[in-house]
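In what follows, residues are counted from 1 in the order of the sequence shown.
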Amino acid sequence: MAISRASANAIAAEEEAKINALKKRAARQAAALQVEGAPPVETVTCRVLKAGDGRISMGVHIASIGDAFYEKGETFQAPIDLATGLEDRGYVEIQDAPKSDV
């Protein structure tokens, strides 16, 4: 049984409307969170040490290749609680005092 073009267009329009409604809901919820004011996150600069080379994810995934990782000597910003955990394992060295990330 074939679906007519008009029927297919109606189904596509209905799906698009659902997606747009979800996007509006997410935007409204995000705006409410910003109004409430989430507490600032304390961040520090971390420098990757030899032990952390290739072990700390950059949070980027490349399809059919895998995740990207920081290499020795690179620096990045991280929340202080995460940074202290990585420093305790010998993966990074914290470079500076905490900064409030607004």
Study note, to complete from the structure: The ring pair (Phe, Tyr, Trp, His ring centres under 6.0 Å) partners of F69 (sequence neighbours excluded) come to none
Check your understanding: With I65, which residues qualify under side-chain contact (heavy atoms from CB on, under 4.5 Å), at least two apart?
Key -> I62
Practice item. Sequence neighbours left out, what passes salt bridge (Lys or Arg N to Asp or Glu O under 4.0 Å) with E93? Give chain and number order. Key: R47
Check your understanding: Where do T75 and V48 land on the side chain to side chain contact (heavy atoms under 4.5 Å, CB included) test, with the steps shown first?
Key -> CA-CA 6 Å; T75 60; V48 179; over 6 Å; no
Exercise for review: Identify the two heavy atoms, one from S57 and one from G59, that lie closest to each other, and give their separation to 0.1 Å.
Suggested key: OG-N, 3.0 Å
Exercise for review: Write out all pairs satisfying side-chain hydrogen bond (donor to acceptor under 3.5 Å, both in side chains) with one or both partners inside residues 63-73, taking only residues at least two apart or from two chains.
Suggested key: H61-D67
Study note, to complete from the structure: Sequence neighbours excluded, the answer for ring pair (Phe, Tyr, Trp, His ring centres under 6.0 Å) partners of Y91 is none
Review point. side-chain contact (heavy atoms from CB on, under 4.5 Å) with A68: which residues, sequence neighbours excluded?
Key: M58, V60
Using a 3.5 Å cut-off and no angle test, enumerate the donor-acceptor pairs between side-chain atoms of residues 8-22 and protein atoms at least two apart in sequence or in another chain.
unit_1 : atom_1 : unit_2 : atom_2 : d
N9     : ND2    : R5     : O      : 3.4
N20    : ND2    : E16    : O      : 3.4

Please tabulate, one pair per line, all N/O donor-acceptor pairs under 3.5 Å involving side-chain atoms of residues 78-89, not counting sequence neighbours.
unit_1 : atom_1 : unit_2 : atom_2 : d
T84    : OG1    : I80    : O      : 3.1
T84    : OG1    : D81    : O      : 3.0
E87    : OE2    : I94    : N      : 3.2

Exercise for review: Could you tell me whether the side chains of Q77 and T45 share a donor-acceptor contact shorter than 3.5 Å?
Suggested key: yes
Review point. So which pairs with a foot in residues 49-66 pass salt bridge (charged side-chain N to carboxylate O under 4.0 Å, His left out), sequence neighbours left out?
Key: none
